[in-house]
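I am attaching a structure below and will ask some questions about it afterwards.
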Amino acid sequence: MIRVISIALLCIAAMPVFSQSEHDALLICGHRGGFYNLLPENSLTAIRYTVGNCALKPVVVEVDVRKSKDGTLYILHDEAVDRTTNGNGNITTLTDAYINSLKLKTSSGMLTDESVPAFRDVLMYAKSNNVVLMLDVKDDIWKDVISLVDEYDMARKCIALTFNPAVTAKVYSLSNVIAISFLAKDVESWNVIQKINIPHDNLVAYVTSATDVSLINIIHQLKISIIADASESMRNKAMLYSVEFYRSMIQKMKLNILITDFPVEVSKLLQQK
């Protein structure tokens with residue numbers, strides 16, 4: 001059985017969220033807040049549901065950040081608001097007044113009373129509720145994102161997702177506190193990341209099924225935290241895998257953070273004997 005440890009990461013004040021002392025811990029991350037039929041993705045309602053019902057604490061929540069025409073940061077996955085709201089248009093062309101008039105839809109298309117959340121409101125909620133935020137920042141708006149994260153003193157409680165070394169380096173130039181993920185594909189990609197000279201305590205490795213086992217072993221030995229995505233909605237027809245699947249994935253990839261579309265259910269599965 002996987003040893004699941006609930007740790008008080010947010011009590012750490014002098015180091016990034018993921019340090020060597022927490023290397024054996026497993027955290028559950030809700031992808032886009034969690035994928036639930038009656039709750040809109042990337043919504044405060046979905047985040048609250050995940051945080052309130054996840055069996056493992058603290059909870060990690062992955063959200064997507066975009067910028068409006070007026071320069072406000074919002075939580076939205078797509079470039080356009082069409083799929084997830086009752087509006088139309090690319091968010092970069094839309095005013096705050098228009099965005100704030102919209103209502104979110106569920107995955108089945110049901111309209112709700114919930115508005116598109118501002119990143120500021122998500123930061124405020126996370127700060128007050130022992131939540132770690134995993135930030136998938138769309139477009140080159142990192143300076144704005146880091147600035148707002150710093151305004152709420154949340155740098156030690158966020159993970160910045162980056163998928164190429166140039167962005168990894170840029171985020172580190174903006175903050176030497178925030179945890180920064182990098183895409184760990186093979187030893188060659190790891191060598192590129194090493195040249196940026198980011199302390200290991202600041203790094204989180206994002207691995208996939210294609211990542212070399214040799215690289216996973218190197219990263220694990222260096223006590224760099226490792227994350228991977230179960231991607232149930234994309235790979236398993238939006239259904240849970242078996243508990244054996246999750247446990248095997250965690251063991252094989254030596255995971256510290258498991259990203260899942262169903263954080264509440266997976267957290268409870270992993271507590272089974």
Side-chain angles (χ1 to χ4, degrees), residues 1-5 7 9 15-32 56 60 62 64 132 134-138 142 158-173 176 178-237 240-263 266 269-270:
M1 182 182 73
I2 299 297
R3 183 165 67 99
V4 180
I5 306 173
I7 53 175
L9 287 176
M15 58 185 68
V17 170
F18 301 101
S19 69
Q20 293 184 8
S21 62
E22 288 86 39
H23 187 61
D24 291 329
L26 174 70
L27 300 179
I28 298 298
C29 176
H31 183 218
R32 300 186 203 169
L56 301 177
V60 184
E62 186 265 355
D64 304 281
V132 178
M134 184 178 290
L135 308 178
D136 190 351
V137 175
K138 309 298 186 179
W142 279 107
C158 289
I159 307 164
L161 291 179
T162 71
F163 297 98
N164 71 69
V167 178
T168 307
K170 179 168 188 172
V171 174
Y172 184 61
S173 73
N176 61 4
I178 196 168
I180 307 171
S181 85
F182 65 96
L183 185 58
K185 297 183 294 184
D186 47 37
V187 174
E188 289 73 24
S189 66
W190 166 236
N191 289 338
V192 173
I193 293 296
Q194 284 185 295
K195 292 178 182 178
I196 305 173
N197 293 320
I198 300 174
H200 291 168
D201 276 351
N202 287 77
L203 288 174
V204 182
Y206 198 120
V207 303
T208 72
S209 59
T211 301
D212 295 346
V213 174
S214 60
L215 178 57
I216 291 176
N217 289 333
I218 290 171
I219 291 169
H220 181 72
Q221 289 168 6
L222 292 171
K223 296 187 178 181
I224 294 171
S225 293
I226 301 174
I227 62 178
D229 192 344
S231 298
E232 294 93 343
S233 294
M234 291 182 60
R235 302 173 190 160
N236 199 44
K237 300 179 181 179
L240 277 171
Y241 290 106
S242 67
V243 65
E244 291 78 17
F245 174 91
Y246 293 111
R247 287 176 174 165
S248 175
M249 181 180 177
I250 292 162
Q251 288 179 332
K252 181 179 179 181
M253 294 181 169
K254 296 179 169 57
L255 296 185
N256 301 95
I257 309 166
L258 173 63
I259 305 171
T260 170
D261 294 333
F262 308 112
V266 172
L269 277 178
L270 291 174

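All values below were derived from every heavy atom in this structure, side-chain atoms included, with hydrogens, water molecules and symmetry-related copies excluded.
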Is the closest side-chain heavy-atom distance between Leu203 and Leu222 below 4.5 Å?
-> no

- [ ] Please test Asn217 against Lys254 for side chain to side chain contact (heavy atoms under 4.5 Å, CB included), starting from the C-alpha separation and ending with a verdict.
- [x] CA-CA 8 Å; Asn217 289 333; Lys254 296 179 169 57; 3.3 Å; yes

Value for CD1 (Ile159) from CD1 (Ile178), rounded to nearest 0.5 Å, stands at 9.0 Å

NZ of Lys185 to CD1 of Ile193, rounded to nearest 0.5 Å, is 9.5 Å

In terms of heavy-atom contacts, Ile196 and Pro165 come closest through CD1-O, 3.6 Å

- Item | Whether Asp212 side chain and Leu215 backbone form a donor-acceptor pair below 3.5 Å | no

For Tyr241 and Ala230 the tightest heavy-atom approach is CE1-O, 3.6 Å

Output for pair (Gln194 CD, His200 NE2), nearest 0.5 Å, gives 6.0 Å

inquiry  = Whether the side chain of Thr211 engages the backbone of Thr208 through a donor-acceptor N/O pair (distance < 3.5 Å, no angle test) should be reported.
reply    = yes

When every non-hydrogen atom of Thr168 is compared with those of Ser181, the smallest separation belongs to OG1-O, 4.2 Å

CG (Leu258) and CD1 (Ile226) are apart, to the nearest 0.5 Å, by 13.0 Å

CG of Leu56 to CG of Leu27, rounded to nearest 0.5 Å, is 8.0 Å

>> Would you say that Tyr246 contacts Leu240 through its side chain, given a criterion of any heavy-atom pair below 4.5 Å between the two side chains?
In response: yes

| said: Check this for me: Lys138, atom NZ, are more than 12 non-hydrogen atoms of other residues, nucleotides or ligands nearer than 6.0 Å? | reply: yes

Per side-chain contact (heavy atoms from CB on, under 4.5 Å), Val171 is matched among Ile198, Val137, Thr162 by Thr162

Check: Ile259 and Met134 side chains under 4.5 Å, non-hydrogen atoms: yes

Closest non-hydrogen atoms of Ile224 and Ala205, given as atom of the first, atom of the second and distance, are CG2-N, 4.0 Å

| said: Does any part of the side chain of Ser189, heavy atoms only, come nearer than 4.5 Å to the side chain of Leu183, both counted from C-beta? | reply: no

d(Tyr172 OH, Asn197 CG) to nearest 0.5 Å is 8.5 Å

Pairwise side-chain contact, Ile227 with Cys29, heavy-atom cut-off 4.5 Å (strictly under)
no

Heavy atoms of His31 and Asp261 approach each other most closely as ND1-OD1, 2.8 Å

Min side-chain heavy-atom separation Val207-Leu255 under 4.5 Å:
yes

Applying side chain to side chain donor-acceptor pair (under 3.5 Å) to Thr260 and not counting sequence neighbours gives Glu232

Open item on the list: Would the distance check show the side chain of Asn202 and the main-chain N or O of Asn176 forming a donor-acceptor pair, the cut-off being under 3.5 Å?
Closed with: yes

Fill in: Any donor-acceptor pair under 3.5 Å from Glu62 side chain to Gly30 backbone
no

Checking Trp190, Phe163, Phe182 against Tyr206 for ring-ring contact (aromatic ring centres under 6.0 Å, His included), the one that qualifies is Phe163

